[in-house]
Structure formats: structure tokens, C-alpha cells
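Both ligands and their constituent atoms are indexed starting at 1 by order of listing.
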Amino acid sequence: MRRAIAEAAVGDEQKREDPSVNALQERVAALLGQEAAIFVPTATMANQIALKLHARPGEVLIAEQHAHVAIYEYGGPAAHAGLMTLGLPGDRGRLTPEQVRRAAEPSSKVADQRATVLSLEDTHNASGGRVWPLDVLDEVVVAARELELAVHLDGARLLNASVALGVAPSEIAGRFDTVTLCLSKGLGCPLGALLAGPREPMERAWREKHLFGGAMRQAGIVAAAGTYALEHHVERLADDHARARTLAEALHDAGMPVDLEQVETNFVQIDLGPLGLDRADALARLQAAGVGLSTTPHDRVLRAVTHLDVTDEDIALAAERIPEVLL
Ligand SMILES: Cc1ncc(COP(=O)(O)O)c(C=O)c1O
């Protein structure tokens, strides 16, 4: 990847003259079953631009209550698009068509605030990297379309979902109006994300990108990393998933409160509740033992993540040390 970065052909990205950025955008649009894609620095920016494309101030965004767009983007939907976010309780990150229908129902007021956009997340971060089964996803997307909602996919980890399901990314992403894909997570790039969708809204997305200060210059050095990652780091996501499973099973066998059913991709969630530990205490013990876990929106749940820098040896070590310090 460093070599691809060093050798990247570059140009002025703001003028759409960077060949590496242009190539990545075309590649990602095709990968996601969309007409066009636009390169941005972060997945947060991609999500926020999408919301601005789909809705006007005063309208309502429907999302799962722990979705990244609802709780980790600093109120961006309100700040940037003027949206009120309605966060609905999900099951494994999923919403039902019935939930969406109820949430989109107009109230009795005449000049009503109306739901106009639904954002779904796949894989769903806060539930532990859970994957939407395609038929379940379809039902919700169909319901949203009947309600005339725009549907956005926060597919920051979409490729983890496609690898876990064994389907092409376009099978999932092609069902949506707009799709975010992040390069800096399991794909291992230093930064970068793309927003994909039909050609006309993606043209408008360019304006939003400038407004956000996200239009760049010789961004090809980053885009080349993205292309490299799509060529070399996608199939290997299955290795991350296998390592997460190995870790989960080892922790479970050691008596740790780990729900094996939760482990569908590259996250392992550890429930501190039954251990009687609070988060700060657990994290301090783990840090002292050289194990880095992250927090989740759930008070007592910690998260282990596998990615391309985590080896089998790391997993073996973590499987040994985590129970040592937490049990
Ligand atoms: C589901 C999801 N969407 C979006 C983002 C935002 O990504 P970025 O850090 O590139 O803004 C994250 C980051 O963790 C995420 O988990």
C-alpha cells in the first residue's frame, strides 16, 4: 500500500483531474451497483452529505437508536441537514418494516414534520458487527420505498457484510439510494471513504463536499491506497472474521460472558455485567496487560476488533490475558 501511495498518479482533485481519485470512484460505483461515487476524507462526511441530499431542514431521519449516524456524528444530521433524528430500538441493529411504518406515520398536525429519510447500517457497529440477512433488509427497504422515504446505507463496513454473507457488495448496496463505504476500517487505508448513488445526486454531492471543506488537491495518494485495498484486502476480511470467532470461542470456553451468536464479522463483545466490573476498571486492567479493547455505546460492553494488523499470535495472547485480568 505504501508503494501504491508513492507511485500514485495525481492531479487536482477539486477540478476532477486526479486520475487515481477518478479511477477509485468509478471502481467503487461499479462495486456497489451504483452509477457514480464521490471520494471524501471520512465516512462521517459521506453520511452527512447523503442526508443533505435526501432531506430538507425540519424533516425527520429514521435510524436505529445506536446507529453511528444517530449517536457518533456529533449531531451532524441536525447541524448540517437540519434533521430531527428519530432513533428506534433495533434488534441486532435491525429495524422492522412495522417500526419504520409507525415512525413515518404523519401525526394529526397539518403542517407536520415528516420523515423523509431512513438510514440503515450494515454491518451494524453497536450491536457487534451484525449483518443484515438480505431478505430482512429487503422487507425494510421495500416498506421505506412504499412510504416514499429515501434510503441510505451506512455501509462503512459493507465489505465485511458482503464477505460474511458470501454475496457481491452490489447485492446489498444496489438496493439503496445512497451508500457510504469506508476505506479506513477493515480495508486498512490511512483515511478515505466514498459515497455512491445515482449520477444526478452525486453531482449535487460534489457541491456539498466543497461546502464541507472536503474537496482536496492531490488526493490520489490516498485514493491509490483505496484501490490497493480493494484489490488486496477484501477477501482477507474472512480471516479477520475467523480470528474474531477463534477469540470469542476461547474467551467463552474460559468462562467469559461472550455471546457466540453475536460474532458474525470482526467484533467480539464482552459483557462486563456478570463480572461485576465497571468499564473504566476493566479497561485499566486490560491496558496494564497490554490488551487494547474499545468501548461501545452500551455501558458494560467492551469490544475486541480484529483487523489486518491482528495476527493469530495476537489472538492467542489476548485469549490468554483477557480472562486472566477480568475473571
Ligand atoms: C458504522 C459507521 N459509520 C461511520 C463511521 C465513521 O467513520 P469515519 O471515522 O471515517 O468518519 C464509523 C466509524 O467508526 C462507523 O462505525
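Scored by the salt bridge (charged side-chain N to carboxylate O under 4.0 Å, His left out) test, Lys52 finds Glu208 as partners (sequence neighbours excluded).
Ring geometry, His152 versus His54: the interplanar angle falls from 30° to 60°, so the pair is classed tilted.
Heavy atoms of His124 stay at 4.0 angstrom or farther from ligand 1.
Looking at Lys209 and Met216, their side chains come closer than 4.5 Å, going by heavy atoms from C-beta outward. Within the 4.5 Å cutoff, side-chain heavy atoms of Leu134 are placed close to those of Ile172. Phe176 is listed as a side-chain neighbour of Leu120, based on a closest heavy-atom distance under 4.5 Å. Residues His68 and Thr44 meet the side-chain proximity criterion, which asks for heavy atoms closer than 4.5 Å.
For ligand 1, the polar-atom distance check against Glu121 finds no nitrogen or oxygen pair separated by under 3.5 Å.
In Asp154, the part holding a heavy atom less than 4.0 Å from any atom of ligand 1 is the side chain. Here Thr44 has heavy atoms under 4.0 Å from ligand 1 in both its backbone and its side chain. Looking at Ala43 against ligand 1, both its backbone and its side chain come within 4.0 Å, counting heavy atoms. The side chain of Lys185, and not its backbone, has at least one atom closer than 4.0 Å to an atom of ligand 1 (non-hydrogen atoms only; side chain from C-beta on).
Taking each of His68, Met45, Gln48 in turn, the one with a heavy atom nearest to atom 6 (C) of ligand 1 proves to be His68.
Using a 4.0 Å cut-off to heavy atoms of Arg157, the atoms of ligand 1 that qualify are 1 (C), 14 (O), 15 (C), 16 (O). Annotation for ligand 1: atoms under 4.0 Å from non-hydrogen atoms of Cys182 are 10 (O). Listed by atom number, the atoms of ligand 1 under 4.0 Å from Ala156 heavy atoms are 1 (C), 2 (C), 3 (N), 4 (C).
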Derivation and outcome, ring-ring contact (aromatic ring centres under 6.0 Å, His included), residues His124 and His66: CA-CA 9 Å; His124 185 268; His66 295 119; 7.6 Å; no
